[in-house]
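Here's the structure we're looking at; comments come further down.
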Amino acid sequence: MKKTPKNNISGEIKASSKPRRRFNFIDFLLILFVLAVVFVAVNIVSPMSLIDKLRPDTTHTIQYTVEFTGVSAEYIEKIKENDTVVDAVSKQTLGSVTAVDNNTKYTVLEYNEAANAGVLVEYPDRYNIIVTISASATYRDEIGYRVNDRRIAVGEKMALRFPDFVHEGYCIGLSVES
């Protein structure tokens, strides 16, 4: 038995189903274009974007200086030139020692009531050690210098390990050799 279209109130014949729109190649290209625009916009705004990772890092040889304060006299000879420097936290190599200055006495500014002023008090058994380290570093704009994924910058607090010594200090100088 053949189905006949039904009449509505006004007497017109109403189709029982609407024609379906087929998905075509142009729709597919439009969707891909919109997704690509969204992807690029997110990567430009994101701080860890794919575009930043695609930019080449430039490699330089740097020398940075770290100061360790208040080191006991028994440890001042523990750091030697050509010692390998390791980050005490990540265990990554951060270069090698090129110079050591361990002749500066550790001083603290203390208030002297009699003089009504600050006075530098020298501790005879404590020293400040200034270590210059040479390393191969990568440089990227807005990130700075990195040695084995460790940021190297003036003012950066660093926990460093040497073969016979471990201490925490601050980077007080940075220069680029090449």
Side-chain angles (χ1 to χ4, degrees), residues 39-178:
F39 179 75
V40 168
V42 166
N43 276 308
I44 288 173
V45 174
S46 172
M48 295 181 358
S49 71
L50 179 65
I51 294 170
D52 284 342
K53 292 178 184 171
L54 293 176
R55 286 187 199 142
D57 293 337
T58 55
T59 304
H60 301 279
T61 300
I62 64 169
Q63 283 197 339
Y64 60 99
T65 306
V66 179
E67 181 179 34
F68 303 110
T69 58
V71 178
S72 178
E74 65 186 284
Y75 296 110
I76 65 169
E77 298 295 327
K78 297 291 184 179
I79 301 174
K80 298 170 196 71
E81 286 188 26
N82 298 321
D83 279 353
T84 300
V85 182
V86 176
D87 186 344
V89 177
S90 69
K91 311 297 188 265
Q92 295 290 326
T93 302
L94 297 180
S96 63
V97 176
T98 57
V100 180
D101 176 10
N102 55 13
N103 297 323
T104 308
K105 292 279 191 177
Y106 177 65
T107 57
V108 176
L109 182 63
E110 293 182 356
Y111 179 71
N112 183 335
E113 286 186 39
N116 196 23
V119 177
L120 282 177
V121 176
E122 188 177 278
Y123 287 81
D125 59 339
R126 299 274 179 198
Y127 293 85
N128 291 343
I129 301 176
I130 299 172
V131 181
T132 303
I133 302 163
S134 182
S136 178
T138 57
Y139 178 81
R140 191 181 305 165
D141 290 338
E142 299 163 4
I143 295 176
Y145 291 99
R146 297 182 80 72
V147 176
N148 282 334
D149 230 16
R150 172 69 162 93
R151 183 170 185 258
I152 307 294
V154 174
E156 193 83 16
K157 188 173 189 177
M158 307 177 81
L160 301 179
R161 182 190 316 187
F162 302 87
D164 298 323
F165 182 74
V166 178
H167 208 278
E168 205 170 68
Y170 286 92
C171 180
I172 60 170
L174 174 70
S175 63
V176 180
E177 291 181 2
S178 62

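Here the OH-CG distance, from Y127 to D125, works out to 8.0 Å after rounding to the nearest 0.5 Å. Atom CD1 of residue I76 and atom CG of residue N103 lie 7.5 Å apart, to the nearest 0.5 angstrom.
The minimum heavy-atom distance between K78 and E74, with the atom names listed, is CE-O, 4.0 Å. Here the shortest heavy-atom pairing between I133 and T98 reads N-OG1, 4.2 Å. Residues T59 and S136 share a closest heavy-atom pair of CG2-OG, 3.4 Å. Here the shortest heavy-atom pairing between A114 and N112 reads N-OD1, 3.0 Å. Considering every non-hydrogen atom in both Y106 and G70, the closest pair reads CD1-N, 3.3 Å. Taking all atoms of both residues into account, the shortest heavy-atom contact from S134 to E177 is OG-OE2, 4.3 Å.
Using a distance-only test at 3.5 Å, with no hydrogens or angles considered, no donor-acceptor pair links the side chain of K91 to the main chain of V86. Judged by distance alone, the side chain of N148 and the main-chain N or O of T93 form a donor-acceptor pair under 3.5 Å. Panel note: side chain N128, backbone I130; no donor-acceptor pair is recorded below 3.5 Å.
Note on ring orientation: taking the six-membered ring where Trp is involved, the planes of H60 and Y139 are perpendicular (angle over 60°, cut-offs 30° and 60°).
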For a quick test of your reading: what N or O donor-acceptor pairs under 3.5 Å do the side chains of residues 153-175 make, sequence neighbours left out?
from: E156; atom 1: OE1; to: R151; atom 2: NH1; distance (Å): 3.0
from: K157; atom 1: NZ; to: E168; atom 2: OE1; distance (Å): 3.2

- prompt: Under the side chain to side chain contact (heavy atoms under 4.5 Å, CB included) criterion, do E110 and V119 qualify, and how do the steps go?
  reply: CA-CA 5 Å; E110 293 182 356; V119 177; 5.8 Å; no

message: Checking E77 against N102 for the side chain to side chain contact (heavy atoms under 4.5 Å, CB included) test, could you report, in this order, the C-alpha distance in whole Å, the side-chain angles of both residues, the deciding distance, and whether it holds?
response: CA-CA 8 Å; E77 298 295 327; N102 55 13; 3.6 Å; yes

Derivation and outcome, side chain to side chain contact (heavy atoms under 4.5 Å, CB included), residues L94 and Y64: CA-CA 10 Å; L94 297 180; Y64 60 99; 3.3 Å; yes

- prompt: Between V85 and D83, is a side chain to side chain contact (heavy atoms under 4.5 Å, CB included) present by the stated rule, with each step listed?
  reply: CA-CA 6 Å; V85 182; D83 279 353; 5.8 Å; no

